[in-house]
Amino acid sequence: MPSNDVRILAQAAVPTAAVGAVAAVVSGVVAGGKGAVGAGVATLVVILFMGIGLYVLQRTAKSLPHLFQAMGLMLYTAQILLLFVFVAVFKNTTLFHPKAFALTLVVGTLTWIAAQTRAHMKSKILYVEPDSSTKPEKTGHSS
């Protein structure tokens with residue numbers, strides 16, 4: 001991964017992990033150990049899903065730039081649907097507290113999206129890659 005991609009990944013994953021840690025503490029206080037486990041699992045799921053999505057999106061941007069926007073929309077839709085599937089599958093689990101899991105999943109996803117959006121807006125990524133092999137030709141008159 002190029003350095004911009006790693007920077008964006010870190011700028012999205014770190015706040016999500018921090019929010020997940022806070023959610024684990026709050027869930028642990030409110031719902032006990034199973035609440036903390038549910039929040040921890042949800043945080044890991046969000047970071048894993050969204051991290052893989054970011055990786056796929058960056059690879060698509062480099063190899064198939066004409067599909068970037070459509071791929072981004074499809075990818076985010078698929079991620080949200082998969083997260084809803086996770087909530088539905090673990091709705092009645094006894095491994096962890098399902099409400100703590102679901103709430104942390106939603107809050108973690110929103111945190112990731114906000115942090116990734118902020119990282120993209122603050123990054124200085126060139127829209128057009130300069131071609132270093134050609135020199136610009138002089139046009140017009142010089143004063």
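Under the ring pair (Phe, Tyr, Trp, His ring centres under 6.0 Å) criterion, F96 pairs with F90, F101, sequence neighbours left out. Partners of Q116 according to the side chain to side chain donor-acceptor pair (under 3.5 Å) rule, which considers only residues two or more places apart in sequence or in another chain, are Y76, W112. For the side-chain contact (heavy atoms from CB on, under 4.5 Å) test, residues two or more places apart in sequence or in another chain that qualify with A23 are A39, T104.
Linking ILVMFWY side-chain heavy atoms closer than 4.5 Å, directly or via other members, places V46 and L81 in two distinct hydrophobic clusters. Hydrophobic clustering keeps V107 apart from V30 (ILVMFWY residues linked when any side-chain heavy atoms are closer than 4.5 Å, directly or through intermediates). Under the 4.5 Å side-chain contact rule for hydrophobic residues, V37 and V19 do not share a cluster. V45 and I113 fall within the same hydrophobic cluster, where Ile, Leu, Val, Met, Phe, Trp and Tyr residues are linked whenever their side-chain heavy atoms come under 4.5 Å apart, directly or through other members. If you chain together hydrophobic residues whose side chains sit under 4.5 Å apart, L105 and V85 fall into the same group.
Residues G35 and S27 share a closest heavy-atom pair of O-CB, 3.2 Å. Of all heavy-atom pairs spanning L54 and L9, the tightest one is CD2-CA, 3.7 Å.
Rounded to the nearest 0.5 Å, atoms CG (L82) and CZ (F49) are 5.0 Å apart. Atom CE of M74 is separated from atom CG of L67 by 9.5 Å, given to the nearest 0.5 angstrom. Of the inter-residue distances, the one linking M50 atom CE with T111 atom OG1 reads 10.0 Å to the nearest 0.5 angstrom. Remark: T117 OG1 to K122 NZ distance equals 13.5 Å, nearest 0.5 Å. If you take OG1 on T109 and CG on L83, they are separated by 4.5 Å, rounding to the nearest 0.5 Å. Summarising the geometry, atom CG belonging to L64 is positioned 8.5 Å from atom CE belonging to M71; distances are rounded to the nearest 0.5 Å.
Put simply, the side chain of K34 never gets that close to the backbone of L95: no donor and acceptor are under 3.5 Å apart.
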